[in-house]
Amino acid sequence: MEKNPSMMRDGALDGQVIVITGGGTGLGRSMAQAFLRLGAKVCITSRKIEVLREAAAQLEKETGGTVLPVACDVRKWQEVDALLKQVLDRFGRVDSLVNDAAGNFISPTERLSPKAFETIIGIVLMGSVNCTLAFGKHWIEEPPAHRTVLNITTTYAWTGSGYVVPSACAKAGVLALTRSLAVEWAKYGIRTNAIAPGPFPTKGAWQRLLPGQLVEQFDMAKRVPLGRVGEHRELADLAAYLVSPYSSYINGEVVTIDGGEWLKGAGQFNMLDQVEPAMWDAIERMVRGAKS
Ligand code: HXC
Ligand code: NAP
């Protein structure tokens with residue numbers, strides 16, 4: 001078993017049961033690994049049971065923890081209901097839900113069919129709604145305790161973005177879900193928060209958002225003020241904190257973790273970082289000269 005590399009102390013999630021949709025791949029898998037290292041028991045779920053079984057076996061080997069792989073299409077209420085039952089049968093409880101499952105691809109919007117919109121909104125928004133509703137109803141029937149929903153959204157949830165419009169619509173809905181339930185369900189002891197990641201390389205996202213030569217043509221690191229893409233460990237640490245009791249007064253928050261990427265796009269003059277330092281003397285002279 002590897003040493004705990006997290007900012008959180010050993011055993012910070014001891015005894016907790018955490019369900020991660022989309023937990024067999026990418027960022028979901030990285031969060032699963034971090035939670036396991038901190039003592040949680042984890043259920044990873046998505047559509048492909050073979051991928052989940054392989055990930056579960058590897059994660060158990062890496063961390064010494066316990067992983068339950070369950071096939072579930074989050075678009076289907078009955079499968080989500082069955083997921084909850086399987087988790088309760090196996091672990092007897094569930095403390096946190098991480099809505100990480102997503103579908104996305106780049107396309108000019110006029111090329112999309114209604115079905116394409118329905119598919120992405122079905123996975124991202126309705127999937128998060130289905131899981132949150134199933135787990136929330138269960139928690140509300142039980143005595144109040146420390147319970148959390150952590151939604152994975154993205155920074156274009158509030159800016160919008162061309163070429164990923166179904167995803168932008170769905171992620172905006174997930175953000176509204178986060179903030180709405182943070183208030184409505186606080187009385188049941190359920191905290192609801194979100195993470196908005198910037199670019200974190202994963203096979204799932206890169207294959208669909210930067211296929212072929214686009215990956216060289218649009219170097220994501222260049223968009224980020226910190227000059228690099230995110231490391232999974234950085235996001236996993238944040239997620240571990242947000243599902244842990246250490247963040248017990250954080251509710252309804254969306255934490256951006258993008259190296260400053262979206263703000264760089266938002267500030268009208270941020271392109272001036274391309275001006276060479278030597279040019280600034282001449283520019284200052286011209287600007288001051290404008291007075292006369
Ligand atoms: C146009 C497309 C399309 C494309 C699919 N469709 N791909 N339309 N361009 N590239 C259309 C299909 O033609 C169909 O409509 C409808 O969408 C449903 O497609 P299916 O292939 O039948 O759907 P399904 O098998 O359910 O697969 C879902 C999927 C797929 C989303 C299309 O890519 C998938 O399984 N993705 C899961 C993983 C994933 O996407 N990970 C990336 C997350 S990254 P018609 O009308 O023809 O029937 C992410 C990052 C956000 O979210 C921020 C980054 C910075
Ligand atoms: P990923 O590896 O492709 O993860 C998506 C997961 O969702 C997969 O495990 C997939 O598994 C699962 N999934 C898709 N449709 C599903 C369905 N109908 N039911 C259940 N599970 C389903 O991509 P990722 O980059 O790690 O993305 C993880 C999360 O981070 C997503 O919410 C994404 O929007 C968000 N995000 C990522 C980035 C980034 O740069 N990577 C940036 C911003 C936000 P199956 O195919 O087996 O179902």
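Ligands are counted one by one from 1 in listed order, and the atoms in each one are counted from 1 as well. Values reported hereafter were calculated over all heavy atoms of this structure, with side chains retained and with hydrogens, waters and symmetry mates removed.
The number of heavy atoms from other shown groups lying within 6.0 Å of CE (M279) does not exceed 12. Within a 6.0 Å radius of CD in E276, other residues, nucleotides and ligands contribute 12 heavy atoms or fewer.
Residues with a heavy atom under 4.0 Å from ligand 1: R47, R75, A102, G103, N104, F105, L112, S113, K115, A116, T119, I120, T154, Y156, G204, A205, R208, L209. Protein residues with a heavy atom under 4.0 Å from ligand 2 are G22, T25, G26, L27, S46, R47, K48, C72, D73, V74, R75, D100, A101, A102, I123, I152, T153, T154, K171, P197, G198, P199, F200, T202, G204, A205, W206.
Applying the salt bridge (charged side-chain N to carboxylate O under 4.0 Å, His left out) criterion to R288, with sequence neighbours excluded, gives E284. Qualifying side-chain contact (heavy atoms from CB on, under 4.5 Å) partners for D258, counting only residues two or more places apart in sequence or in other chains: T155, T256, E261, W262.
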Chi angles and distances behind the side chain to side chain donor-acceptor pair (under 3.5 Å) call for N99, T132: CA-CA 8 Å; N99 285 312; T132 305; 3.0 Å; yes
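Using modelled atom types, one side-chain atom of K171 and one backbone atom of I152 make a donor-acceptor pair closer than 3.5 Å. Although no hydrogens or angles enter the test, the distance criterion places a donor-acceptor pair under 3.5 Å between the side chain of D95 and the main chain of V17. Of the possible polar contacts, one joining the T202 side chain to the A205 backbone as a donor-acceptor pair under 3.5 Å is found. Under a 3.5 Å cut-off, the side chain of R179 and the backbone N or O of V174 do not form any donor-acceptor pair.
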